[in-house]
Amino acid sequence: MQGLHDARGHRSSGLTIRFLVAVVSLACGLVPHRPAVGQSDIPLARGEFMAGTYPTGPYTFVNDAVGAGIFYNSGLFGGSTVIGNVEAGYVWGSHEVFNRSSLGLGNAVARLVSAPGVTGQYDFHATMVGHVLAGTGYVAASGTNPGGYTYVGIGMAPHARLWSGAIATSYSTSTNSIGSFTSTPASTIPVYRQFFQGISGTACDVINSSFGYDDPTASEPESIALDALAFQNPNVTFVAAAGNGGTDAVASPGAVYNGITVGSVGGTNFTTPSDFSSRGPVDFYNPVTNATVSGVRAAVDIAAPGEQQYLAAYLGPTGSLAPLTNITQNPSPTNRYFINQDGTSFASPTVAGGVALMKDAAKQWWLGMPETALDTRVVKSVLMATTARTDGWNNGQSLSGGVLRTTQSLDWTTGAGALDLEAAGLTYVNGATTDVQGSGGGTIGSSGWDLGDVAVNGFNDYLFSSPLSGLSELQVSLNWFAGGSFDATTNTGARSSFANLDLQVWNIANGGFSSLVAESTSLYNNTELLRFTLPAGKQYGLRVMLPGMIYDLNAATSPVTTATYGLAWNMVIVPEPTSLAMAAVGAAMAATLASRRRAS
C-alpha cells in the first residue's frame with residue numbers, strides 16, 4: 001500500500017476538470033424526508049456532477065485539517081469499529097474508493113440493512129457520505145498514473161466496516177427535487193434498532209444520518225425512538241447533520257437530544273460558519289405539561305468542514321438520480337466523482353468518522369483505556385471540550401455580579417466550535433485524568449474526562465491538582481441523556497425524563513470551593529459548556545450540579561434519583577509559541593500511543 005493519506009475533500013477554487021458531463025444545481029444534501037406522507041424541501045447538498053479520471057490538486061485535505069493524523073500516525077484507522085449509515089438508499093460499495101483488495105480486509109460496505117416496504121436502492125448521496133466515512137481511497141491506474149491508495153481518496157476511518165441502512169419507501173421523480181424521498185416510522189425505526197441493538201451480537205460503534213425532516217421539538221416517532229435507543233445503548237454514538245437551511249432551524253434527526261448534531265464550516269482555516277448551515281435555537285416540548293417552549297434549545301453541538309468536497313459518484317439509474325436520464329449510466333462507472341459538494345451531509349460523517357477513530361483507540365489493549373471511554377456522553381464531551389473557536393463564536397457568556405454566566409450553553413450555529421481531533425485525541429487518550437475513580441468527582445489534572453453520576457439536589461466536585469502556572473484558557477463540556485425507553489416488540493420509543501444539570505467553575509482557597517467564577521445553566525439543553533481565560537497563580541475546581549428535573553413522567557412510582565453524565569475539560573496555557581506547542585503535542589501523544597509514521 002502506498003500510504004494512507006488524509007482526505008475526502010478538496011478546497012481548490014481553481015480546479016479544472018475534463019469530461020464534465022453536467023452541472024446541476026441540487027436542492028438536496030440533507031436528504032429531504034417527511035415521516036408519514038408527502039415530501040419536504042429541506043436542502044441536502046449542492047454541487048456539480050462530473051465524470052473523469054482523478055484530478056491532481058492542489059487540495060486541502062480535510063482529514064489533515066481536522067487533525068485525524070494523530071490517530072493515523074499511531075496505526076489507528078478505525079479497523080476495530082463498525083460505522084452505520086442510515087439514509088434513503090444504500091452506499092454503493094463497488095466504487096473504486098471502497099476497494100480494499102490489497103489491504104487484507106473485506107468489502108468496505110459489510111452489510112446492507114432495510115425494513116419491509118423500503119425500495120432498497122443504491123443512491124448517489126449515501127455513496128458520497130459513505131466515502132467520507134470509510135473510503136479507503138483506492139484509485140485505479142489511468143494513463144501514466146499507477147493505481148493505489150491516495151491522500152485524496154480516503155475517508156475518515158478507512159479501515160472501519162460500514163453498514164448501510166436504507167429507509168426510503170419512494171423517491172421523487174421530479175428533476176426539481178433530486179434527493180427528496182418518503183419514508184415511514186415502519187421503514188425507519190427497525191433499521192436504527194438493529195444498528196443500535198446489534199445484529200448477530202455486533203452493534204455499531206457510531207451511526208451517521210445525513211437526511212432531515214421537519215420536527216423542531218423532536219416529537220415525531222422516529223425522533224423519540226432514536227433518543228430512546230441512544231439512552232438504552234450508550235456505547236453507540238449517533239451523529240446527524242444539522243441541515244442546509246441557512247437561517248432556518250435545525251432539522252431532525254439533528255434536533256434529537258441524545259446524539260451529536262453537526263453544522264458546517266469552511267474558509268481558509270475551516271473556522272468560518274457555512275452560509276447554508278442550519279442554525280438557531282429549536283423548541284422544547286414537555287410531555288408532562290403538554291407545553292412547547294419556543295426557541296430555547298441549542299441543537300448544533302459541533303461543526304466540521306462541509307464545503308467544496310470531492311466525493312465518490314454513483315451514477316446508476318436507481319435512487320435519487322433516476323430522473324436524470326442524461327446523467328445516469330447502467331452499469332454505473334466505478335471511477336466517477338462529484339466535485340464542489342457542499343453540505344452538512346458531509347460535515348456530519350467527518351465527525352462520525354472521527355468518533356470511530358476515537359473508539360478504535362479506546363478498544364486497543366495496549367492503550368489501557370477504560371471501557372467507559374466508549375460512552376457517547378464521554379466521547380461527545382471530549383469532542384466539545386477540545387474544539388477550535390469558530391469565527392464570531394458566541395455562547396451567550398457575559399459577566400454578571402462578577403461571575404461569567406451563560407444560559408445558552410452553545411453557539412447557535414457551530415455549537416462548541418470546530419472539530420479538532422488532534423486536541424480531542426490528546427485529551428481522550430493522553431489526558432492527565434481519564435475517568436476519575438468512582439462516580440462522584442475527585443482530584444483532576446489539567447486535561448481529561450470522567451463518566452460520573454450525580455444525585456438529584458446534589459453536586460460533584462472536581463479539584464484541579466495544582467494552581468495554574470500561566471494564563472490559561474479553560475474549555476469544559478458536560479453532557480447527559482434525556483431519559484427514554486424503547487419497546488423492541490412494537491418498535492416504538494417513549495420519553496421518560498429530562499434532568500437539569502448545571503456546570504460551574506470555582507476558585508479554591510484552603511482546599512475548598514470558595515467563590516464562584518463561571519457557570520453554564522441552560523434549562524432546556526442536555527449539554528453545558530464554558531470557554532474562558534483564567535489568570536495564573538490560582539487554583540480552580542469544577543462543580544457538576546443537579547438542582548432538579550425539568551420533567552419526570554414516572555415521578556409518582558419510580559422517580560429519577562441520579563443522572564449519569566460525561567464531563568471533559570482542557571486547560572491550555574496562552575500564549576504559547578507555535579514551535580513549542582507542536583513539540584509538546586508530538587511528545588505527549590508519542591508517550592502513550594505507539595507511533596507509526598504514515599508514508600508520504
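Positions are given from 1 along the sequence.
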Derivation of the side chain to side chain contact (heavy atoms under 4.5 Å, CB included) call for Met358 and Leu383
CA-CA 10 Å; Met358 292 172 69; Leu383 286 172; 3.6 Å; yes

With side chains defined as the heavy atoms from C-beta onward, is the minimum distance between Pro349 and Met156 less than 4.5 Å?
no

How are the rings of Phe196 and Tyr192 set relative to one another: parallel (under 30°), tilted (30 to 60°) or perpendicular (over 60°)?
tilted

Determine the minimum heavy-atom distance between Pro305 and Val66, stating which atoms define it.
CD-CG1, 3.5 Å

Nearest-0.5 Å distance, CG of residue Leu162 to NE2 of residue His131
12.0 Å

Classify the ring geometry of Trp92 against Tyr314: parallel below 30°, tilted from 30° to 60°, perpendicular beyond 60°.
tilted

Quick check, are the ring centers of Tyr138 and Tyr149 under 6.0 angstrom apart?
yes

With distance as the sole criterion, is a donor-acceptor pair present between the side chains of Thr492 and Asp487 under 3.5 Å?
no

Is there a donor-acceptor pair closer than 3.5 Å between any side-chain N or O of Thr427 and the backbone N or O of Ala423?
yes

Working note: Gln364 + Ser80, criterion side chain to side chain contact (heavy atoms under 4.5 Å, CB included); need CA distance, chi angles, decisive distance, verdict.
CA-CA 9 Å; Gln364 306 307 315; Ser80 68; 3.7 Å; yes

Walk me through whether Ser274 and Ser264 qualify under side-chain hydrogen bond (donor to acceptor under 3.5 Å, both in side chains).
CA-CA 5 Å; Ser274 301; Ser264 173; 2.7 Å; yes

State the CZ-CD distance between Phe346 and Gln341, to the nearest 0.5 angstrom.
5.0 Å

Contact list for residues 370-379, test salt bridge (Lys or Arg N to Asp or Glu O under 4.0 Å), sequence neighbours left out
Asp375-Arg377

Tell me the closest heavy-atom pair linking Pro190 and Ser187, and the distance in Å.
CD-C, 4.3 Å

Determine, step by step, whether Thr81 and Arg161 satisfy the side chain to side chain contact (heavy atoms under 4.5 Å, CB included) criterion, reporting the C-alpha distance in whole Å, the side-chain angles of both residues, the deciding distance to 0.1 Å, and the verdict.
CA-CA 6 Å; Thr81 66; Arg161 288 171 290 164; over 6 Å; no

To check you understand the geometry: which heavy-atom pair defines the closest contact between Ala242 and Thr261, and what is its length?
CA-CG2, 3.9 Å

Is the backbone of Phe98 close enough, under 3.5 Å, to the side chain of Arg100 for a donor and an acceptor to pair up by distance?
no

Within the distance-only criterion (no hydrogens, no angle test), does the side chain of Ser177 pair as donor or acceptor with the backbone N or O of Ser172 below 3.5 angstrom?
no

Exam field: side chain Gln121 to backbone Gly319, donor-acceptor pair closer than 3.5 Å
yes

Rounded to the nearest 0.5 angstrom, the CG-OG1 distance for Leu321 and Thr175 is 12.0 Å

Donor-acceptor pairs under 3.5 angstrom involving side-chain atoms of residues 223-236: please list them, not counting sequence neighbours.
{"from": "Ser223", "atom 1": "OG", "to": "Tyr213", "atom 2": "OH", "distance (Å)": "2.8"}
{"from": "Ser223", "atom 1": "OG", "to": "Asp215", "atom 2": "OD2", "distance (Å)": "2.7"}
{"from": "Asp227", "atom 1": "OD1", "to": "Tyr257", "atom 2": "N", "distance (Å)": "3.0"}
{"from": "Asp227", "atom 1": "OD1", "to": "Asn258", "atom 2": "N", "distance (Å)": "2.8"}
{"from": "Asp227", "atom 1": "OD2", "to": "Tyr257", "atom 2": "N", "distance (Å)": "3.2"}
{"from": "Asp227", "atom 1": "OD2", "to": "Arg495", "atom 2": "NH1", "distance (Å)": "2.9"}
{"from": "Asp227", "atom 1": "OD2", "to": "Arg495", "atom 2": "NH2", "distance (Å)": "3.0"}
{"from": "Asn233", "atom 1": "ND2", "to": "Leu229", "atom 2": "O", "distance (Å)": "2.8"}

Residues Ser94 and Thr334: side-chain donor-acceptor under 3.5 angstrom:
no

Just so I know, are the side chains of Ser210 and Thr344 near enough to count as touching, which here means a heavy-atom distance under 4.5 Å?
no

Heavy-atom distance under 4.5 Å between the side chains of Tyr72 and Pro158, does that happen here?
yes

Check Trp163 against Gln194 and note the closest heavy-atom contact, atom names and distance.
CZ3-O, 4.4 Å

With Ser348, which residues qualify under side-chain hydrogen bond (donor to acceptor under 3.5 Å, both in side chains), at least two apart?
Asn208

Would you indicate whether the side-chain heavy atoms of Phe181 and Thr119 approach each other to under 4.5 Å?
no

side-chain hydrogen bond (donor to acceptor under 3.5 Å, both in side chains) involving Thr376 - partner list, sequence neighbours excluded:
Thr237

With a 4.5 Å cut-off on side-chain heavy atoms, are Ile207 and Val239 touching?
no

According to the salt bridge (Lys or Arg N to Asp or Glu O under 4.0 Å) rule, which pairs have a member within residues 351-362, sequence neighbours left out?
none

Check whether Ser381 reaches the backbone of Val378 with its side chain - one donor and one acceptor, N or O, closer than 3.5 Å.
no

Within-4.5 Å side-chain heavy-atom neighbours: Leu419 and Phe270
no

Please confirm whether the ring centroid of Phe71 lies under 6.0 Å from the ring centroid of Phe77.
no

Side-chain (Ser209) to main-chain (Phe211) donor-acceptor, under 3.5 angstrom:
no

Testing the basics here: between Val191 and Gly165, what is the closest heavy-atom pair and its distance to 0.1 Å?
CG1-CA, 3.9 Å

Stepwise side-chain hydrogen bond (donor to acceptor under 3.5 Å, both in side chains) check, Asn479 with Thr527:
CA-CA 4 Å; Asn479 286 278; Thr527 183; 2.9 Å; yes

Search all heavy atoms of Ala362 against all heavy atoms of Tyr428 and return the closest pair with its distance.
CB-OH, 3.4 Å

So Phe486 and Asn491, do their side chains get closer than 4.5 Å, heavy atoms only?
yes

Rounded to the nearest 0.5 Å, the OG atom of Ser101 sits from the CD atom of Glu96 at a distance of 11.5 Å

Indicate, with yes or no, if the rings of Tyr337 and His95 have centres closer together than 6.0 Å.
yes

Residue pairs involving residues 361-370 (criterion salt bridge (Lys or Arg N to Asp or Glu O under 4.0 Å); sequence neighbours excluded)
Asp205-Lys363

SG of Cys204 to CD1 of Ile83: how many Å apart, nearest 0.5 Å?
9.0 Å

If you round to the nearest 0.5 Å, how far is NZ of Lys380 from CD1 of Ile260?
6.5 Å

Can you tell if the side chain of Tyr90 reaches within under 4.5 Å of the side chain of Asp123, non-hydrogen atoms only?
no

Can you list the steps and then say if Ser332 with Tyr122 is a side chain to side chain contact (heavy atoms under 4.5 Å, CB included)?
CA-CA 11 Å; Ser332 178; Tyr122 291 113; over 6 Å; no

Any donor and acceptor pair, going by atom type alone, linking the side chain of Thr136 with main-chain N or O of Asn99 inside 3.5 Å?
yes

Could you tell me whether the side chains of Asn85 and Glu87 share a donor-acceptor contact shorter than 3.5 Å?
yes

